[in-house]
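Data block below; observations after.
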Amino acid sequence: TSRWLYAEGQCERIDPMFEPGDYINRPANGIDYFVATVESEPLGSDIAYVYLIGCNAEITVQRSRGKEPNENGDLTEIWETIHENVKVYHETVDRSGKMTNDGLIPQAMHNMFVPEKYKVSIWDRILMKTNVNGEFTYQQFRVESIGTNIVDMNGKGVTSVQMSMDLRV
């Protein structure tokens with residue numbers, strides 16, 4: 001995990017206070033972050049302790065609506081765009097990372113953290129603009145596994161996503 005995209009520390013409690021899943025921009029480095037957690041600071045009621053995750057990618061989330069016949073009568077998957085321009089943290093998993101983390105499934109080569117409010121689900125298709133052969137193009141990923149960390153009853157939190165290359169048509 002790239003620790004340079006994580007930030008934590010104290011901040012002044014504001015009204016309304018941001019919540020897990022909210023996006024903020026840190027003027028110090030110009031990077032967009034989303035809030036992972038906000039905790040009360042025991043040293044003072046006017047201070048909060050926050051954990052932020054930096055965004056290094058933007059995705060589109062698509063979900064299958066099932067199969068329908070195309071113009072030749074062949075059944076093809078119909079994909080509906082659920083969310084666009086979602087800022088996330090993305091990392092490629094190397095083999096040594098898989099050896100030291102028993103929670104990674106074998107076929108997943110990409111990890112992503114996304115605010116829970118986007119409700120990413122297993123088998124969703126993720127479109128992400130990446131560098132392929134020196135050109136920026138959209139690559140398709142398939143969601144293999146999710147782990148949700150909901151921090152309150154309103155569904156606020158962070159979802160960790162494991163993805164593989166999506167070879168579905």
Side-chain angles (χ1 to χ4, degrees), residues 1-64 79-94 97 100-105 108-131 136 138-164 166:
T1 303
S2 297
R3 297 289 178 205
W4 72 274
L5 277 173
Y6 288 90
E8 62 179 276
Q10 293 176 325
C11 73
E12 184 177 343
R13 189 172 287 281
I14 57 175
D15 188 30
M17 189 63 181
F18 40 77
E19 297 179 322
D22 289 348
Y23 289 96
I24 65 170
N25 181 278
R26 288 185 69 201
N29 60 13
I31 295 176
D32 289 325
Y33 291 80
F34 62 87
V35 178
T37 60
V38 179
E39 298 177 5
S40 296
E41 176 58 66
L43 299 177
S45 60
D46 59 340
I47 297 175
Y49 201 83
V50 297
Y51 293 88
L52 307 173
I53 300 175
C55 301
N56 62 358
E58 202 168 279
I59 65 166
T60 296
V61 180
Q62 293 183 331
R63 191 159 292 146
S64 174
W79 294 97
E80 178 181 12
T81 296
I82 305 299
H83 300 287
E84 292 182 288
N85 306 317
V86 177
K87 293 180 181 184
V88 301
Y89 170 79
H90 167 261
E91 65 184 2
T92 302
V93 180
D94 58 15
T100 58
N101 186 341
D102 292 336
L104 296 176
I105 57 177
M109 295 301 294
H110 300 269
N111 284 342
M112 176 176 73
F113 292 102
V114 60
E116 168 61 20
K117 64 185 171 189
Y118 293 108
K119 304 292 185 213
V120 173
S121 301
I122 293 177
W123 310 127
D124 281 352
R125 174 176 280 170
I126 304 295
L127 302 176
M128 183 173 15
K129 199 170 194 178
T130 57
N131 185 342
F136 282 106
Y138 284 95
Q139 280 194 304
Q140 294 180 172
F141 299 96
R142 181 175 71 182
V143 174
E144 299 285 353
S145 174
I146 59 170
T148 302
N149 176 18
I150 297 177
V151 295
D152 72 16
M153 296 308 289
N154 295 320
K156 306 286 184 182
V158 176
T159 299
S160 62
V161 179
Q162 294 183 50
M163 304 179 297
S164 64
D166 191 350

Side-chain donor-acceptor contact under 3.5 Å, Thr60 with Glu84: no
Expected output: side-chain [X] to main-chain [Y] donor-acceptor under 3.5 Å:
X      : Y      : answer
Asp124 : Arg63  : no
Ser121 : Lys119 : yes
Tyr23  : Cys55  : no
Lys87  : Asp32  : no
His83  : Tyr118 : yes

In Å, rounded to the nearest 0.5 Å, how long is the span from [atom1] of [X] to [atom2] of [Y]?
X      : Y      : atom1 : atom2 : value
Met128 : Gln139 : CE    : CD    : 7.5 Å
Ser145 : Ile122 : OG    : CD1   : 5.5 Å
Lys156 : Thr37  : NZ    : OG1   : 14.5 Å
Phe141 : Met109 : CZ    : CE    : 11.0 Å
Phe34  : Asp22  : CZ    : CG    : 11.5 Å
Met163 : Ile59  : CE    : CD1   : 7.0 Å

Exactly one candidate in Met112, Arg142, Gln140 meets side chain to side chain contact (heavy atoms under 4.5 Å, CB included) with Ile126; the answer is Met112
Side chain proximity check, His90 to Asn56, heavy atoms < 4.5 angstrom: yes
Heavy-atom distance under 4.5 Å between the side chains of Arg26 and Ile31, does that happen here? no
What closest approach, in Å, do Glu19 and Val35 show between heavy atoms, and which atom pair accounts for it? O-CB, 3.5 Å
Taking all heavy atoms of Pro20 and all of Ala36, pick out the closest pair and write down the distance. CB-O, 3.5 Å
